[in-house]
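Single-structure report; data block below.
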There are 2 protein chains.
Amino acid sequence: MTQKAKEYYRDNPQFYVAVDCIIFAFENDELQVLLQQRNFEPFRGEKTLLGGFLQDEESLEEAAQRVLQFHTGLTNIYMEQVGTFSALDRDPGARVISTAYYALIDKNLYDSALLKEYDGEWVSTDHLPSIHFDHTKMIEQARELLRRKISFSPVGFNLLPPSFTLAQLQRLYEVILGQEIDKRNFRKRVSEMQFIEKTGEIDKVSSRRGASLFQFNMEKYNLIHEFKLK
Amino acid sequence: MTQKAKEYYRDNPQFYVAVDCIIFAFENDELQVLLQQRNFEPFRGEKTLLGGFLQDEESLEEAAQRVLQFHTGLTNIYMEQVGTFSALDRDPGARVISTAYYALIDKNLYDSALLKEYDGEWVSTDHLPSIHFDHTKMIEQARELLRRKISFSPVGFNLLPPSFTLAQLQRLYEVILGQEIDKRNFRKRVSEMQFIEKTGEIDKVSSRRGASLFQFNMEKYNLIHEFKLK
DNA sequence: TCAAAAGTGTTAATAGTACACCCATGA
DNA sequence: TCATGGGTGTACTATTAACACTTTTGA
């Protein structure tokens, strides 16, 4: 590189760059998000999202996956970038630019033993506690992005176990969209989506009568590539 | 801050942070974007978006507005964050994390004399030339974001002069959505949006007969807050 | 036997799409 | 007078929304 080119960069300041993960899960008819009750400085005693600093040899996406794996044990998880937050006062300890990602996990699969190690806790997105930094805004933006996405893309299945009842799927949509859905209309639409298929198994836990279990068939979806549930 | 808290930051690397602006304008029935033909290092001879490095006392949004003002003379312009790009090899000169913003400007208002100073040039988004870095991806993502946004939010007016004909407005939508729109259906929908109002003036430039000029009334829109053109 | 959730079709309302001709004007 | 773009309404189609009862089973 020429001297000129070096100066092009060198004359500019550098910043800490972080990622914050909005880890969503679905349980008890609630969309939940994983927070950390910090027992270390800075911001001891505050609740925050799970985050980490970007390192030299990774992209933001990789950093977010790393943070996610560290806190849940999960890899190869569906994530989407929410946005980058850069207000001057967003972190009083230092100037930190932070990119938020949301992740959708199946709460049955993550390593819940890890929670104790970092004081993790699941909270409902309907009644968020007081959260530090601009993390509340990140969660709200992520929730809104998810709301839009779920209407025309089959990402919701990431929040459910591999097989699920239609009642579960409907409640997931109702919770994320924030509106009730007519049961018959919903089931009609599901039956039109040929990539949501009966497994043949019956779930006897949720009701006396038992409900058919369904699964999302990714291969079929990729062939059809048309999606709309509500 | 305690020693512990200081270390929390200090053990992590820092990065150059940049903004890249996708400056859109509408002319000749084309959605155009402003590029720079670089005649300086690094990457002399390449075409790039207009960008700049984040400075200590500004947010990313402010940096993007600064870059925009420097290259167009315009302030208080509609901008939206597109996303943040962080691939390890995206800038071979140094590790740079870059956040893209798109801006919508009225090409009649910007200072075109500035173009000469930095070798700026407008290109159609339909036939993008070869562009350096990941800037092509940024433009495509911005275009897609704009496409979605324009269907349910009145941002398109930022690309038009304060008063415009319905033919102009329709062509803007056709170009951004990439599909033809039926004239009568389009005008029907416009007439339902009471915040798109006749100015009473007639434009005699575009046709012999003359076409009514319309304007977007932001105050009325804010009261009604319902929008859909196609 | 009954409470609780599963499962199932039809009709009405709304929204979206297709379509063709006359008008006013300047060259 | 004619070429050019401006302006207008109706009928059809597709999509979405509303709605109620029967089934199964374990407690």
Side-chain angles (χ1 to χ4, degrees), chain A residues 26-30 147-148 150-152 160-161 163-194 196-215 224 226-230, chain B residues 26-30 147-148 150-152 160-161 163-194 196-215 224 226-230:
Chain A
F26 182 66
E27 194 177 46
N28 301 331
D29 292 1
E30 284 178 335
R147 196 183 65 71
R148 288 182 187 279
I150 204 174
S151 295
F152 58 92
L160 292 175
S163 65
F164 47 83
T165 67
L166 293 185
Q168 278 181 287
L169 185 63
Q170 182 177 342
R171 281 195 295 270
L172 175 68
Y173 271 79
E174 288 176 334
V175 166
I176 293 178
L177 296 177
Q179 62 185 236
E180 293 203 343
I181 302 174
D182 179 272
K183 183 166 65 162
R184 277 178 289 186
N185 292 338
F186 183 79
R187 283 167 185 244
K188 196 193 310 166
R189 281 191 295 265
V190 168
S191 68
E192 284 160 5
M193 307 282 117
Q194 291 128 305
I196 303 176
E197 51 192 23
K198 265 193 187 166
T199 64
E201 310 273 291
I202 303 290
D203 173 72
K204 301 291 285 181
V205 178
S206 59
S207 71
R208 304 203 212 283
R209 177 174 169 180
S212 289
L213 285 167
F214 288 76
Q215 64 193 357
I224 302 167
E226 201 170 304
F227 185 84
K228 192 160 185 201
L229 292 176
K230 184 73 199 173
Chain B
F26 182 66
E27 194 177 45
N28 301 331
D29 292 2
E30 286 178 333
R147 196 184 65 72
R148 288 181 188 279
I150 205 174
S151 295
F152 58 91
L160 292 174
S163 66
F164 47 83
T165 68
L166 293 185
Q168 278 181 287
L169 184 63
Q170 183 178 341
R171 282 194 294 270
L172 174 69
Y173 271 79
E174 289 177 333
V175 167
I176 293 179
L177 296 176
Q179 61 184 236
E180 292 204 343
I181 302 173
D182 179 273
K183 183 166 66 163
R184 277 178 290 188
N185 293 338
F186 183 79
R187 283 167 186 244
K188 196 194 308 168
R189 282 190 295 266
V190 168
S191 69
E192 284 161 4
M193 307 282 117
Q194 291 128 307
I196 303 177
E197 50 191 23
K198 267 194 186 164
T199 64
E201 309 274 291
I202 304 290
D203 172 70
K204 302 290 284 181
V205 178
S206 61
S207 71
R208 303 204 214 282
R209 176 173 170 180
S212 288
L213 285 167
F214 287 75
Q215 63 193 357
I224 301 166
E226 202 171 302
F227 184 84
K228 192 160 185 202
L229 292 176
K230 184 72 196 171

Heavy-atom pair of closest approach, residues [X] and [Y]:
| X | Y | value |
| --- | --- | --- |
| B:R187 | B:A167 | NH2-N, 4.1 Å |
| B:V175 | B:E30 | CG1-C, 4.1 Å |
| A:Y173 | A:L229 | CE2-O, 3.6 Å |
| B:F227 | B:I150 | CE2-O, 3.6 Å |
| A:I196 | A:L169 | CD1-CD2, 4.5 Å |
| B:A211 | B:S207 | N-OG, 4.2 Å |

Rounded to whole angstrom units, what separation is found between the [atom1] atom of [X] and the [atom2] atom of [N]?
| X | N | atom1 | atom2 | result |
| --- | --- | --- | --- | --- |
| A:R208 | C:dT1 | CZ | P | 16 Å |
| A:D182 | D:dA20 | CG | C1' | 11 Å |
| B:K204 | C:dA24 | NZ | C1' | 8 Å |
| A:K198 | C:dT8 | NZ | C1' | 11 Å |
| A:R184 | C:dA6 | CZ | P | 15 Å |
| B:L213 | D:dG7 | CG | C1' | 15 Å |
| B:F186 | D:dG6 | CZ | P | 12 Å |
| B:R187 | D:dG5 | CZ | C1' | 9 Å |

So what does [X] touch, heavy atoms closer than 4.0 Å: a base, only the sugar-phosphate, or nothing?
| X | answer |
| --- | --- |
| B:S206 | sugar-phosphate |
| B:K183 | base |
| B:S212 | sugar-phosphate |

Within 6.0 Å of [atom1] in [X], more than 12 heavy atoms from elsewhere:
| X | atom1 | result |
| --- | --- | --- |
| A:E180 | CD | no |
| B:E192 | CD | yes |
| B:E27 | CD | yes |

Under 3.5 Å, N/O pairs linking protein and nucleotides 10-13 of chain D:
| residue | atom | partner | partner atom | Å |
| --- | --- | --- | --- | --- |
| D:dT10 | O4 | B:K188 | NZ | 3.2 |

Residue whose closest nucleotide on DNA chain C lies nearer the 5' end, B:G210 versus B:K228
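Whichever sits nearer the 5' end wins; that is B:K228.
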
Which residues in residues 166-181 of chain B have at least one heavy atom lying under 4.0 Å from any atom of DNA chain D?
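Residues of residues 166-181 of chain B under 4.0 Å from DNA chain D: B:A167.
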
Using a distance-only criterion (donor-acceptor N/O pair, under 3.5 Å, no hydrogens), is the base of D:dT23 paired with the side chain of A:R209?
yes

